[in-house]
2 protein chains.
Amino acid sequence: MKIELSFTEENYLKAIFSLSTIKESAVSTNDIANKLETKASSVTDMIKKLAEKKLVDYKKYQGVSLTKSGRKRAVSIVRNHRLWEVFLFEKLEFSWDEVHELAEQLEHIYSDKLTEKLDAFLDHPTHDPHGDPIPDKDGNIELEKNHALATIEVGITCVVVGVRDSSSLFLKFLDNSKIKLGSTLKVLHKEDFDNSMLVKIDNEERSLSNQITKNLFIKEVE
Amino acid sequence: MKIELSFTEENYLKAIFSLSTIKESAVSTNDIANKLETKASSVTDMIKKLAEKKLVDYKKYQGVSLTKSGRKRAVSIVRNHRLWEVFLFEKLEFSWDEVHELAEQLEHIYSDKLTEKLDAFLDHPTHDPHGDPIPDKDGNIELEKNHALATIEVGITCVVVGVRDSSSLFLKFLDNSKIKLGSTLKVLHKEDFDNSMLVKIDNEERSLSNQITKNLFIKEVE
DNA sequence: CGTCTAATTTATTTGGGTCTAAAAATTTGT
DNA sequence: ACAAATTTTTAGACCCAAATAAATTAGACG
Ligand SMILES: [Mn+2]
Ligand SMILES: [Mn+2]
Ligand SMILES: [Mn+2]
Ligand SMILES: [Mn+2]
């Protein structure tokens, strides 16, 4: 019922999906090569294969975009990935910087039934441990125009809802800084010189570099 | 720290392990070929690769046996497999005839940490849903000289502790027959003609063919 | 038009796994 | 003990997925 794809093919679909949510237009060969750390020529090859299988629309030199079924497949991999991350984080008590790597493996174990059972077992979570939304069974994914902490005005209070950078390094830094999803923080000052920010968190004043504030997604609270 | 092996290499190790628990001596090329549904020549090829990697001891024409490290690896795959089966069966509520296929995939996701976390989450189970023993972290595995129901004398009462055949067909048959691990049954009669057996189960008399009694592991109760 | 950049083609490579057919070693049966 | 049968190993080839370097081409744009 669901065509067999290799891990690599699935990873290409995921990459194209993720790139096409950033810029709305067709995705370029180079961008994909870049993301997957491979060469443009390899990407062209793979794109042809995926086009054969009707997973992408492809016109030479015009970039590539997912078809209905390609998008569906990509989203289901993302759903799988994020559900496994929740499982690893909540049930097995892995830390949020460890889950991604394992989920990269687990996401390819494809079985609709497994995914749905897992989803039910986890009580239909809506977000993964990094604050990213989990697509529903039908492939609908909440597209939240996240704003980064960096964009917030002085005086506003907000709560952390996600991270842009899920690298182990950044996540560990946040752990050490006692910043996690749900943490409340108030912007006290923005430093024009280096774009760093002074915030109050846990009744403590802390300076966060632009590198950090760019990568923290927040929601304002009234 | 743990050498990378392909799925196929791991499956060969598992096959050799499983065959060498049956007959104590070195395992023959043909037996492996048979088990993995491949050709003897392919097996020889693979054995050489595994010997290179010091996972098996191999002398031409003398069959093959696992080295310490080969055995360790094989056992850890089996451990992984059976823990995932428990997870799928107990937590996700898959039926016992569905879990094996998925576990064949999941067993290859190798991460010591994942295995140990899973083990703890499941509360250190000792047996999988088919009654097979789960090796411990150090690779010790209970070798129970299982006897089949077929070998039991008339008049004895016993309890089902495992199955030899884990095929979906057999397991579904058992489900339909309301026979499961822990079921108690008493042998009323053995039919010499076709080796079938008359048993009392759930206060009901039932005739079980030799095909069935050969594949049910039991423990006598006093 | 000419030039630059991005994309594609082509020809090869690498790695993993398998197979057939023929040769060699071992086992079996008398 | 020896020929026949069986098992195992070799040698050579094939196939597939994926990647690459190098050469070529298309598009964009001043
Ligand atoms: Mn992730
Ligand atoms: Mn995530
Ligand atoms: Mn199994
Ligand atoms: Mn089992």
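Numbered from 1 within each chain, the chains take letters A, B, ... in sequence-line order. Bear in mind the structure is a predicted one, so any value in this text is a computation, not a measurement.
Separating the CG atom of A/Asp45 from the P atom of D/dA21 is a distance of 14 Å, rounded to the nearest angstrom. Rounded to an integer number of Å, the gap from B/Glu10 CD to C/dG16 P is 14 Å. The nearest whole Å value for the distance from the CD1 atom in A/Ile32 to the P atom in D/dA19 is 13 Å. The CG atom of B/Leu36 sits 11 Å away from the P atom of C/dC19 (whole-angstrom rounding). Atom pair A/Phe7:CZ and D/dC16:C1' shows a separation of 17 Å (rounding to whole Å applied). Taking atom OH of B/Tyr61 as the reference point, atom P of C/dA25 lies 6 Å away to the nearest angstrom. For A/Asn34 and C/dA7, the CG to P distance is 11 Å, given to the nearest whole Å. To the nearest angstrom, C1' of C/dG16 lies 13 Å from CG of B/Leu5.
Taking the centre and axis of the six-membered ring of A/Phe121, the NZ or CZ atom of A/Lys91 falls inside the cone set by 45° and 6.0 Å.
If you find the closest nucleotide of DNA chain D to A/Lys39 and to B/Lys59, the one lying nearer the 5' end belongs to B/Lys59.
In this structure, B/Tyr12 does not reach the C/dG16 phosphate: none of its side-chain N or O atoms is under 4.0 Å from OP1 or OP2. Phosphate proximity of C/dT9 to A/Lys48: present, with a side-chain N or O under 4.0 Å from OP1 or OP2. Checking the phosphate oxygens (OP1, OP2) of C/dA6, no side-chain nitrogen or oxygen of A/Ser28 falls inside 4.0 Å. Between B/Gln62 and the phosphate of C/dA25, there is no side-chain N or O to OP1/OP2 separation shorter than 4.0 Å. Contact between the side-chain N/O atoms of A/Lys60 and the OP1/OP2 oxygens of D/dG27 is not found at any separation under 4.0 Å. For C/dG16, the OP1/OP2 oxygens have no side-chain nitrogen or oxygen of B/Lys49 closer than 4.0 Å. At least one side-chain nitrogen or oxygen of A/Thr8 sits closer than 4.0 Å to the OP1 or OP2 atom of D/dA18. Neither OP1 nor OP2 of D/dT6 sits under 4.0 Å from any side-chain N or O of B/Asn30. For B/Ser42 and C/dC19, the shortest distance from a side-chain N or O to OP1 or OP2 is below 4.0 Å. Contact between the side-chain N/O atoms of B/Thr29 and the OP1/OP2 oxygens of D/dT9 is found at a separation under 4.0 Å. B/Thr44 has no side-chain polar atom (N or O) that falls below the 4.0 Å cut-off from OP1 or OP2 of D/dT10. Between B/Thr38 and the phosphate of C/dG17, there is no side-chain N or O to OP1/OP2 separation shorter than 4.0 Å.
Around atom NZ of B/Lys35, more than 12 heavy atoms belonging to other residues, nucleotides or ligands sit under 6.0 Å away. Within 6.0 Å of atom CZ in A/Arg79, more than 12 heavy atoms from other residues, nucleotides or ligands are found, so the atom counts as buried in its surroundings.
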Going through the checks in order, is the side chain to side chain donor-acceptor pair (under 3.5 Å) test met by A/His108 and A/Asn11?
CA-CA 9 Å; A/His108 300 294; A/Asn11 286 334; 3.2 Å; yes
Pair A/Lys117, B/Glu93 - check salt bridge (Lys or Arg N to Asp or Glu O under 4.0 Å), show working.
CA-CA 8 Å; A/Lys117 294 254 192 194; B/Glu93 297 178 307; 5.7 Å; no
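Aromatic ring pairs are classed by plane angle as parallel below 30°, tilted from 30° to 60° and perpendicular above 60°; the pair A/His100 and A/His81 is tilted. Between A/Phe87 and B/Trp84, the ring planes are tilted. Angles from 30° to 60° get that label.
If you check the side chains of B/Ser196 and B/Asp194, you find a donor sitting under 3.5 Å from an acceptor.
For the segment residues 50-58 of chain A, residues with any heavy atom less than 4.0 angstrom from an atom of DNA chain C are, sorted by number, A/Tyr58.
Within 3.5 Å, a donor on the side chain of B/Ser41 pairs with an acceptor on the base of C/dT20, or the reverse.
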